Each structure stands twice: as structure tokens, then as C-alpha cells.
Amino acid sequence: VCPSMKMTTLEDILEVLGFGIKEKEVNYQIAQKVKKKLEAYTDVEVILTREKDEELGLWERVNRAALAKADIFISLHCNASVTHKSKGASIYISTGESNRKNLQQLADHLLGEFESIGLENAGTIARVTELGSKRADGSFEDYYGVLRHSYNSGIPAILIEHCYMDYDTDRVFLESEEGLEKLAQA
């Protein structure tokens, strides 16, 4: 599980506007809760790509998962929009053919779980690189580096955008322990 540590100008703007939410902090809190919930199952071990506030490149995150012989790479994020009108949970999956059907089924299941706690289903997305580069199998490279590097390392991967930090009904989940627990459970 990879708790994103993305720090962007948009996140800085959100803080200035009074939202006061740091994506890297809530992602880490959600990741710790997800780890605890999943490790309650027999024979499940969850490795976090970071155990503290540290900067890691995209390759390093995937390399840590590869060294741990991960069965799946799950990248956790929260979204934000320039208009502050977008809402809901979305999941990005690889554009590659390998594991696509299984990743789509997992994404559909997770989005159903997010809907059950009151988030809108913003859909499953396979976004291709803007450079138009292709893999050896002819499929387009992924836009998101962690999906691209995971695919190229042979690890199925999803990127979860839990909710929009700047939309009132979504942000509620990020502002309390109860809300974070619900996101982790979903």
C-alpha cells in the first residue's frame, strides 16, 4: 500500500483557502488503517511503501513493493479540482492488457464500497500517457508513473482517489477519525 505524498501547488492553494488538509497526511492515516484491517485476515501481509514522512520517487515506491514480492500495488490518494465542484471516488487502473479484467473487477467492487458509505462513484479510468508511447505488447503506457512502473515490474496496480478534498460532502470523510475509518473500510 502506497500512501501518496504528493505536495502540489493545488494542495497549497487548498490550505490557503482554509481547507487545511494535507493529502500526504490523510493518505498515510488511511494507509495505516487499511493495513490494520487487511492484516486481520489470515495470511495477509501489508507492506507500506513508507512508514514515515519521507520523499520517495515513483520508481522507489514500486521497487519497495517489488522487493517485498507484492501481489498488488495500491496507491492511495485524495483528489481536488480547480473548480471545487468535482466529487466522488475514482479508481485508475493500468492501460495494459495484463490483469486488466481482474483490476476492473476489483475497481468496480471498491467503488461499490465507496458508494455504500455515501461517496459518489466517479468511475474507473485507464488514462494513457500524453506522450503516446507504447509498450512492447502494443498497449499505450500509463499516464500515472506508479501504474506504469508497476505494470513494467509485473505487479498489478490500482490508484485510488478516495474523494475530493475541496468538496464539502467528500471532505467530511477527511476531517474525522470516523470518516477516515469509513474510507479505510471501503
Side-chain angles (χ1 to χ4, degrees), residues 1-8 10-15 18-41 44-58 60-62 64-65 68 70-81 84 86-94 103 106-125 144-147 149-150 155-186:
V1 175
C2 179
S4 170
M5 59 203 105
K6 187 174 169 184
M7 289 294 291
T8 64
L10 182 56
E11 188 170 87
D12 295 337
I13 291 168
L14 290 172
E15 190 163 6
F19 294 112
I21 297 169
K22 291 203 176 283
E23 182 184 15
K24 68 178 184 174
E25 292 173 5
V26 294
N27 291 337
Y28 186 67
Q29 292 172 12
I30 294 168
Q32 289 177 312
K33 294 175 185 313
V34 167
K35 177 181 170 107
K36 184 178 178 183
K37 290 177 184 303
L38 289 176
E39 286 185 338
Y41 292 95
V44 173
E45 179 184 9
V46 177
I47 305 295
L48 298 183
T49 57
R50 67 180 173 102
E51 291 286 350
K52 58 185 177 186
D53 189 5
E54 62 180 319
E55 288 294 321
L56 293 174
L58 301 176
E60 180 60 24
R61 297 177 210 180
V62 174
R64 286 185 179 187
D71 295 317
I72 188 165
F73 185 94
I74 303 170
S75 186
L76 305 180
H77 294 260
C78 294
N79 224 332
S81 72
H84 310 303
S86 297
K87 60 184 175 179
S90 57
I91 298 180
Y92 289 85
I93 62 173
S94 178
L103 292 172
L106 175 60
D108 289 346
H109 175 77
L110 293 173
L111 288 169
E113 294 294 316
F114 287 124
E115 284 180 297
S116 75
I117 65 168
L119 285 167
E120 189 169 302
N121 180 341
T124 302
I125 304 150
Y144 291 105
V146 292
L147 295 180
H149 299 320
S150 293
I155 305 170
I158 61 173
L159 187 152
I160 300 172
E161 294 280 8
H162 285 93
C163 60
Y164 279 80
M165 300 183 299
D166 58 339
Y167 194 82
D168 291 344
T169 57
D170 283 12
R171 189 174 57 253
V172 160
F173 288 94
L174 304 174
E175 296 176 326
S176 71
E177 276 300 309
E178 180 185 353
L180 293 171
E181 283 289 336
K182 286 181 179 180
L183 290 174
Q185 182 62 42

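As the structure is a computational prediction, the values presented were derived from the model and not from experiment.
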Residue pair [X] / [Y]: nearest heavy atoms and the distance that separates them:
| X | Y | answer |
| --- | --- | --- |
| Pro156 | Leu103 | CB-CD2, 4.0 Å |
| Ala65 | Phe73 | CB-CD1, 3.6 Å |
| Ala157 | Ser150 | CB-CB, 3.5 Å |
| Leu111 | Ala89 | CD2-O, 3.4 Å |
| Cys78 | Val26 | SG-CG2, 3.8 Å |
| Ala107 | Ile93 | CB-CG2, 4.3 Å |

[atom1] of [X] to [atom2] of [Y]: how many Å apart, nearest 0.5 Å?
| X | Y | atom1 | atom2 | result |
| --- | --- | --- | --- | --- |
| Ile117 | Glu181 | CD1 | CD | 11.0 Å |
| Ile160 | Asn27 | CD1 | CG | 10.5 Å |
| Tyr28 | Leu76 | OH | CG | 12.0 Å |
| Leu159 | Ser94 | CG | OG | 11.5 Å |
| Leu180 | Phe173 | CG | CZ | 10.5 Å |
| Tyr92 | Ser75 | OH | OG | 12.0 Å |

*Is any NZ, NE, NH1 or NH2 atom of the basic residue among Lys33 and Glu177 found under 4.0 Å from an Asp or Glu carboxylate oxygen of the other?*
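Salt bridge present between Lys33 and Glu177.
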
*asked:* Going by side chain to side chain contact (heavy atoms under 4.5 Å, CB included), Leu110 matches just one of Asn121, Ile91, Ile74, Thr124. Which one?
replied: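 The passing option is Ile91.
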
_As a test of understanding, state which of Asp170, Asn79, Thr169 forms a side-chain hydrogen bond (donor to acceptor under 3.5 Å, both in side chains) with Tyr164._
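Running side-chain hydrogen bond (donor to acceptor under 3.5 Å, both in side chains) over Asp170, Asn79, Thr169 with Tyr164 returns exactly one hit, Asn79.
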
*Using atom types as modelled and distance alone, determine if a side-chain donor or acceptor of Arg64 lies under 3.5 Å from a backbone N or O of Thr49.*
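The answer is yes, because a donor-acceptor pair under 3.5 Å joins these two groups.
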
*Side chain His77, main chain His162, donor-acceptor under 3.5 Å*: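 Between the backbone of His162 and the side chain of His77 there is no qualifying donor-acceptor contact (under 3.5 Å).
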
*Answer yes or no: are there more than 12 heavy-atom neighbours, outside Lys37 itself, under 6.0 Å from its atom NZ?*
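Atom NZ in Lys37 is packed in, count exceeds 12.
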
*Pairs meeting criterion salt bridge (charged side-chain N to carboxylate O under 4.0 Å, His left out) with involvement of residues 111-124, two or more places apart*: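 Those involving residues 111-124 are Lys87-Glu120.
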
